[in-house]
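We count residues from 1, following the sequence as given. Both backbone and side-chain heavy atoms feed into the values below; hydrogens, waters and symmetry mates do not.
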Amino acid sequence: AQAQRISQFASNHLQLTRLETLGASEMTFRRVDLAALVRDAIEEGRLNGNAVTLEGARGPVWVMGDSASLASVIRHLLENAVKYGLGNEVNVSVARAADESGDAVLKVTDRGMGIKVDELRLVCDKFFRGKHQHVASGDGLGLALVREIVLLHRGNMSLDSEVGTG
């Protein structure tokens with residue numbers, strides 16, 4: 001288990017450093033079905049015993065993006081939601097924004113411990129581990145990596161949380 005954590009830390013740190021240094025230059029942007037990537041990640045998680053449910057998005061939600069990087073974003077978000085969700089179900093939705101932008105919107109919802117207000121702005125910082133870090137292992141790089149990939153795709157990331165409700 002320790003060797004796996006060290007390997008995961010090294011992999012995440014290397015990926016984040018490459019993205020910060022090289023930006024999107026090593027990404028291949030093409031038309032990608034975001035909903036299919038989510039379904040694949042959910043299926044992969046089910047094999048590991050995770051309870052994640054996809055809401056809506058029965059059809060494709062096409063975006064321009066790097067498939068591997070977007071899959072990494074989805075995997076990190078789902079792993080975080082499961083890890084801090086206290087065993088409760090995690091819901092994921094993929095849809096088009098209702099506004100005129102028509103942007104793709106990926107929403108991951110858990111019903112776990114939640115995040116304190118003063119920590120919300122810090123959770124995407126490199127190496128930040130909240131006060132509940134003892135509940136689950138992690139390296140403080142997952143959400144930093146997610147934010148970097150989202151920004152390189154010219155996307156936005158927001159986080160809503162309330163202590164005790166997820």
Side-chain angles (χ1 to χ4, degrees), residues 1-16 19 33-58 61 63 65 68-98 103-153 155-166:
Q2 182 69 15
Q4 186 178 4
R5 280 197 297 272
I6 292 169
S7 174
Q8 185 65 44
F9 170 79
S11 175
N12 285 345
H13 194 266
L14 179 61
Q15 185 180 8
L16 184 56
L19 289 171
D33 180 4
L34 190 60
L37 291 177
V38 169
R39 284 191 293 274
D40 291 347
I42 289 172
E43 189 57 37
E44 181 182 317
R46 262 199 199 105
L47 298 176
N48 296 325
N50 300 336
V52 179
T53 302
L54 177 63
E55 300 172 342
R58 299 296 172 221
V61 177
V63 297
S69 296
L70 291 174
S72 179
V73 163
I74 295 162
R75 191 171 47 257
H76 280 286
L77 290 175
L78 294 182
E79 286 172 358
N80 253 31
V82 168
K83 185 180 349 180
Y84 295 104
L86 303 176
N88 297 315
E89 186 177 44
V90 172
N91 295 328
V92 183
S93 65
V94 185
R96 289 278 167 206
D103 290 342
V105 177
L106 170 65
K107 183 177 180 181
V108 178
T109 306
D110 70 56
R111 287 159 194 79
M113 65 185 67
I115 303 167
K116 294 178 113 184
V117 173
D118 59 328
E119 293 181 348
L120 268 176
R121 62 182 174 76
L122 303 171
V123 295
C124 291
D125 289 354
K126 257 195 290 192
F127 304 116
F128 178 79
R129 300 271 294 145
K131 293 198 175 31
H132 295 297
Q133 67 187 16
H134 62 278
V135 172
S137 64
D139 54 27
L141 291 173
L143 291 178
L145 188 56
V146 165
R147 179 181 60 191
E148 190 67 26
I149 293 170
V150 168
L151 291 174
L152 290 172
H153 280 79
N156 297 308
M157 180 177 166
S158 64
L159 183 66
D160 296 318
S161 185
E162 187 176 315
V163 173
T165 62

Would you check if Ser72 and Ile149 make a side-chain contact, meaning some heavy-atom pair closer than 4.5 Å?
-> yes

Side chain to side chain, Ile74 and Asp40, heavy atoms closer than 4.5 Å = no

Note, Leu151 side chain near Arg147 side chain (heavy atom, < 4.5 Å) | yes

Heavy-atom check, side chain of Asp110 versus side chain of Asn88, under 4.5 Å | no

Nearest atoms (heavy-atom pairs only) where Arg96 meets Ala104 | NH1-N, 3.3 Å

Between NZ on residue Lys107 and CG on residue Asn91, distance to nearest 0.5 Å | 9.5 Å

Name of the residue among Val38, Val108, Leu37, Asp33 meeting side-chain contact (heavy atoms from CB on, under 4.5 Å) with Val94 | Val38

Out of curiosity, Thr109 OG1 to Glu55 CD, how far, rounded to the nearest 0.5 Å?
-> 7.0 Å

Looking at CG of Leu143 and CD of Glu148, how far apart are the two atoms once the value is rounded to the nearest 0.5 Å?
-> 13.0 Å

Beyond-backbone contact of Leu106 with Leu77, side-chain heavy atoms, under 4.5 angstrom | yes

Taking every non-hydrogen atom, the tightest pair across Arg39 and Leu54 = CG-CD2, 3.4 Å

Decide yes or no on side-chain contact (heavy atoms from CB on, under 4.5 Å) for Val63 and Leu70, but give the supporting numbers first.
-> CA-CA 10 Å; Val63 297; Leu70 291 174; 4.0 Å; yes

